Amino acid sequence: MVDRTSNSSPKPLTMARYNPKDTEPRWRKAWADADAFRAVMDPGRPKYYVLEMFPYPSGRLHMGHVRNYALGDVIARFKRARGFSVLHPMGWDAFGLPAENAAMERGVDPRGWTYDNIARMRAELKELGLSIDWSREFATCDVEYYGKQQAWFLDLFARGLVYRKEGVVNWDPVDQTVLANEQVVDGRGWRSGAPVEKRRLNQWFLRITDYADQLTDDLQTLDRWPEKVRVMQENWIGRSRGLKFAFAFAGSPPAGFESGLEVYTTRPDTLFGASFVGIAPDHPLATQVAEGRPEAAAFIALCKQGGASQAEIDTAEKLGFDTGLIVQHPFDPDRTLPVWIANFILMDYGTGAIFGCPAHDQRDLDFVTKYGLPVIPVVLPPGEDAATFQVGGEAYTGPGMIYHSDFLDGLDIEAAKAAAIARIEAGKQGEGATVYRLRDWGVARQRGWGCPVPVVHCATDGVVPLPKAALPVALPDDLDFGKPGNALARHPTWKHTTCPICEGAATRETDTLDTFVDSSWYFARFVDTQADEAINKAAADYWLPVDQYIGGIEHAVLHLLYARFVTKALADDGQLSVREPFAGLFTQGMVTHETYRRQSGEWLEPSQVEVIVESKTRRARLLENGADVVIGDVEKMSKSKKNTVAPEEIFTVYGVDAARLFVLSDSPPERDSQWSTAGVAGAWRFVNRVWEEFDSQPAPTAGDAAQDAPALALRRATHRLIRQVTEAIEGFRFNSGIARLYEFLNLLKANPAAGASPGLQAARDEALSAFARLIAPFTPHLAEECWVRVGGQGMVALAPWPAFDAALTEDAIRVLPVQVNGKRRGEISAPAGADPAEVEKIVLDDPEIARRLEGLTIRKVIVVKDRIVNIVAA
RNA sequence: GCCGCGAUAGCUCAGUGGUAGAGCGCAUCCUUGGUAAGGCUGAGGUCCAGGGUUCGAAUCCCUGUCGUGGCACCA
């Protein structure tokens, strides 16, 4: 190489800019060649299973993926360095509607579309430099996977946890197909635009309600789950304790109701405030009443017309129809109540019938106000007078004393509930009961791209589960997805088979399983993806539970609840030992970005816009013609708002490490993170500054770290850094750990290699060696390059985590601020751990402090060890 | 309606009884052979508001305001 100029001193040739295009692929190949991340069952080491929610193969990696998998990779690399045997696998949640839609729109095959997408996304994920054991990769649409799923489905069938019953589905009358809830937009089919009908179909259900109690109670054991998620699950299951009892009819009961009309309540304490009994419009008694009375039938039809949207439900007027039937009050047969059909009562909660206590329930109050039924207060709020208390337009639901209530008078609410339940139970009129909001899990989908339900329908033997030997029930290769509806059902030959019992002609079930079934056990398949059985129990006993599960909050209820349920069901079947799949759960925030629009309102991509910062204000203009652009809200990256940034483009410009570093450093992982070009450019500058620091460091010397003052100070800072980064990673505060690394780099630059004493040189060797290992979880490629530069052994990906010397993390001399009456007035130096009397003496001898105290009387001196001194004076 | 979460520098966020911090941005200056850059120095904060506890509150408690998430005619 030739110097092109000769009039200035030459720069060292090693001062090359860091080039991720060279280093990053090179290290990924080195990791792969060394098989560095293969998970091994090693009884001699503690295990650690870290798992990110597996992706749907949409075809492109987005920033949310980058954040999710970078977070998990930090944990995996950290735990590996800490000596754990780490399992960190990856797979694909590959069945589902997008593939069918792509098939219909573009005339492609869903299988080919899906596997092509997987190939593309696998390449992108590998580019991220994740420390994944790729030998365990699978997709849920692999027959080797869903065949095993069919096997345990049959096991649950045998245990009575699978059943068929009529369920209500969304039916698109134009496309002639069942729609998932998310395909119904404002009450209309998302493709056809036709109003969606409710239709009753035979559906497959998993009996998750059998586990409702366990699923609620065991939430208490999940102490490494966010409180928020536990609360959401608890609300979703919605366990409520109350009373079920039957009202006896006055006069002859309607057919089928000889034992009375059963209701459920959580407020048995307010029974004496009852003024009517209400039943749901689709209650069997309502149906019976409607048979003889056209006006009742008309009312029921009116109720069913009501829109399903939330807004309509919220504003719907309370409507009722008096059936003319009369029931007796359970505690006083002489007192009677009318039975109304009411539009606000739900058939599928409790018994579909209630007693109305308008004084203490707002819905009941709205109802009786309209129809002129009595309002009888039975709970007296504290401080109110029984003689004058009245309920106005608002029901009273607070605490108080029961009155107007015979044997319950004078009790508080809880005591009255217990007494009322006891009386009902003694009279054999009913009993205390627990009900749940949770419904059984409808798992059937009338779709062709899913896991077939492994049963056949036989004219002789009915619904027959297949024997295990007949598995897998594989999808045919030649499904026609060219038109709406279930491609499996219309396949010409696939469904025709024979009955395993009578060997006569039979047809296969053409429903497939909800994709939430596919994702309810994949973590257990990862422990041994080659096993003949669904789950290799020995491997599961080693690896499970997942120690750290990471994913989006959007799965807080359904996916996590289903996975918990399936784990418990399989444990009861002896296939698993754990009863909870995920010991630790972390829900990361979304990646957001500013939005931009033209003056006309049309969305613009970030790449079309230039943001100009002028001192305190920001404005934006269109790159192509300089037109003003409106800067909108910061929102989740989405195609519709065009505020996405493609990871590939960022990798190309700044490298993978800079992209990883930015998404990890910007926000606490559980919060939303705002993507910005300035931010990733800042991370890129950090990568370069780190490399410069390592590149300018002379080869390590054998010299010992002599204890001159700058060397000792650097050593202390190094050991403090190790401690801080370690604690930050353990506490999921990656952004704080990275902030400490930024600060430390500034410190290194303040103590440069040039002109350093031998002691400082040695302290720098120690610091850089630690630094290379500390950045490895965040920027693994850069860390490898730095590790080589400091002469590290082997690859940093497999190097042990640096240890810190606790003694070195504490300073021997502390600077203590001194406050007078809570205001900072000076500072003093004292030995670490100095006792209060000693410190007090130093403080009072300090001339500056003494000046501040002139003319004041010292009332008290508060010394907080190693922290602060406060003098109270007047 | 019910249950949560949040509000700290221009922006994104740490800090959770004891000296108000980081990154980015901004300003000054230096370098212009690390150059689609690099470096020095600096300015910038009624810690949402009000009340309480305390020697001391951004931090704990209460009330409110604004923003935001989940559930919801669930008896």
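Letters go in sequence order (proteins before strands), and every chain restarts at 1. Computed from a predicted model, the values in this text were never measured in an experiment.
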Problem set entry | Base of B:C55 paired with side chain of A:N870 (donor-acceptor, under 3.5 Å) | yes
Problem set entry | A:W340 side chain near A:I279 side chain, heavy-atom distance below 4.5 Å | no
Exercise. Can you tell me the Watson-Crick or wobble partner of B:A27, both distances under 3.5 angstrom?
Worked result: B:U41
For this session: Tell which nucleotide pairs with B:A22, taking only Watson-Crick or G-U wobble pairs whose two distances are both under 3.5 angstrom.
Result: B:U12
Exercise. Does B:G50 pair with anything, Watson-Crick or G-U wobble, both distances under 3.5 Å, and if so, with which nucleotide?
Worked result: B:C62
Exercise. Using the C1' atom in both, what is the distance from B:U35 to B:C30, to the nearest Å?
Worked result: 15 Å
Seminar exercise, completed: Picking from B:A72, B:C73, B:A75, the nucleotide nearest the side-chain atoms of A:F344 would be B:C73
Exercise. Hey, does the side chain of A:R689 come within less than 4.0 Å of B:G39's phosphate (OP1/OP2), counting only N and O?
Worked result: yes
Exercise. Does A:S240 place a side-chain N or O at less than 4.0 Å from the phosphate oxygens OP1/OP2 of B:A75?
Worked result: yes
Seminar exercise, completed: Quick note, A:K228 side chain, CB onward, closest among B:G23, B:G69, B:A75 is B:G69
Problem set entry | Distance between C1' atoms of B:G6 and B:U12 (Å, rounded) | 15 Å
Seminar exercise, completed: Base orientation of B:G4, chi within 90° of 0 counted as syn, else anti, reads anti
Exercise. Between B:G25, B:A75, B:A72, which nucleotide gets closest to the side-chain atoms of A:R685?
Worked result: B:G25
Exercise. Are the side chain of A:H283 and the backbone of A:G278 linked by a donor-acceptor contact shorter than 3.5 Å?
Worked result: no
Exercise. Does NZ or CZ of A:K318 lie under 6.0 Å from the centre of the six-membered ring of A:F344, at an angle within 45° of the ring axis?
Worked result: yes
For this session: Measure from the side chain of A:N735, starting at C-beta and using heavy atoms only, and say which of B:A75, B:C71, B:C13 lies closest.
Result: B:C13
